[in-house]
Structure formats: C-alpha cells, structure tokens
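Note that ligands are numbered from 1 as they come in the structure, with each ligand's atoms numbered from 1 the same way.
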Amino acid sequence: MKIDVLTLFPAMFAGPLDESIVKRARTKGLLDLTIVNLRDFTHDRHKTVDDRPFGGGPGMVLKPEPLFEAVGALAQQSTRVLLMSPAGRKFDQALARELAQEQHLLLISGSYEGVDERVIETLVDDEVSIGDFVLTNGALPAMVLIDAVTRLLPGALGDDESSRDESFSTALLEYPHYTRPAEFAGQKVPEVLLSGNHAEIAQWRKEQAELRTRQRRPDLLQ
Ligand code: 21W
C-alpha cells in the first residue's frame, strides 16, 4: 500500500512512524509512506498556504491553490483522498479495515484553520475524525490512522502478534493478564491461572472479558 501525507508540520511525523510494527512494514516494503510539505506547492516568496476568511471572522483558511496543485501531483484515479477533520466520519476498526484494502491513500492533515470548502467538494473523498476532542492539527490523527491501517496489511504482524490478534477479534475487552511473580507486594495472581486446568482458565477468561465489557463498555454489547 502507498500512503502520502500532505502536512504543514512534516517534522511531527518523524518518530512515531519510524518505530515498531510500522517501521517493520516500511522496511518489508508493505507500506510505502511519503510525508509531503504543503508549502512545497506554493510559488510566492513567503510560501503562503492560508488567507483570511471571506465574510470575516477569526482565524485563517487554507487556500485552494496549493492543495489543488499538491493533490493534482500526488493523486491518481484510484487514490482515496482523506481530509483529517474534526467534522469527519468517526474513525473506527471497521473504517481501518476498509482503508487497508486500498492501493493508495492521500491524507490531508488539516491545521487549526479551516480548509476552503471547494477543496473538500472537489478533491476530498472522505473527511475523517479520530474522536470528539479538539487537537491543534490533523497530524496526530493522520499518524493514528496510518498506525491502525498498517497493522492490518497482510504480513505486517508477526505470526505471534497475528494469532493473538485473531483470538481477540471478538468485540469484547480483554481479560486481565498476569505474569511472574505469583505474588507481588501482597497481591496474588488468581488461583485458577496457576491451576494448569486449561478449560477452567478459558472459562474464567471468557467471564472476565464479559464482566469488564459490561462494566466499562456496555455500548460494545448492544
Ligand atoms: C481543530 C481543526 C478545530 C479545525 C476558527 C478558525 C483532524 C481532529 C483534526 C482543528 C477546528 C481530528 C477554527 C479529532 C481533531 C484537526 C484541528 C475547527 C477551528 N475556528 N480528530 N478555525 N480531533 N484538528 N475550526 O481535532 O484537524 S482529525
């Protein structure tokens, strides 16, 4: 899969995408990721990407010209163009699975400023939000989306990670985990886990997962 990101903050992307499973997916050639500075598509001395809103009001709006030029240069017919926006469709595992099927994603990481509506009408396939809280820009949401999509690419997870993932792809929260020592600071590991009775352990884990889900995320059981 190819993912291009258009951003005003390319430096924010150094780090999170150079570690762990995403790094390995890039090294293996499963993910071809390019971070592109929107300012590279300006032509004036000041590399202007924004301007004052028509109609007045606070803040600035991202100008259409750099975005039209950038998307024109980076997108093909088959590219899915996504604008990271607090007004977008809520990102979830179902959307991550859907996006993992695409050949090419182009993410536009918005800033605190709005984006000229003609960009959204003409260039953007979907607007995507990662949740109902206010961030300073769309860079972290773009990285969150890339992380969630990348681990779903065939071959991205190792055998161990992959089989663990399958056994937990029930829509429940996970049961509690313990490792050695069997007693730590007076806190004991539940006896059943030390029993060696695999049927009882499986039953206990199932009950714990259901209990936790009912207590913490009843919405998942609807
Ligand atoms: C925050 C952009 C608020 C726009 C006047 C002028 C992308 C995000 C973002 C941001 C506004 C996502 C304004 C969850 C997020 C993102 C920055 C609204 C403010 N007023 N998912 N400008 N949360 N956030 N306009 O914040 O770009 S996906």
Distance, nearest 0.5 Å, that separates CZ of F41 from CD of E69: 6.5 Å

Rounded distance (nearest 0.5 Å) linking atom CG of L83 with atom OG of S129: 11.0 Å

With R80, the side-chain hydrogen bond (donor to acceptor under 3.5 Å, both in side chains) member among Q101, Q103, E102: E102

Quick one: table the atom pairs, ligand 1 N or O against protein N or O, below 3.5 Å, distance rounded to 0.1 Å.
residue, atom, partner, partner atom, Å
ligand 1, 21 (N), S129, OG, 3.4
ligand 1, 21 (N), I130, N, 3.0
ligand 1, 22 (N), Y112, O, 3.0
ligand 1, 23 (N), F133, O, 2.7
ligand 1, 26 (O), L135, N, 2.9
ligand 1, 27 (O), G138, N, 3.4

In one Ile/Leu/Val/Met/Phe/Trp/Tyr side-chain cluster, 4.5 Å: I3, L157: no

Value rounded to 0.5 Å, distance of CG in L211 from CZ in R216: 9.0 Å

Sequence neighbours excluded, every pair satisfying side-chain hydrogen bond (donor to acceptor under 3.5 Å, both in side chains) that has a member inside residues 134-149: none

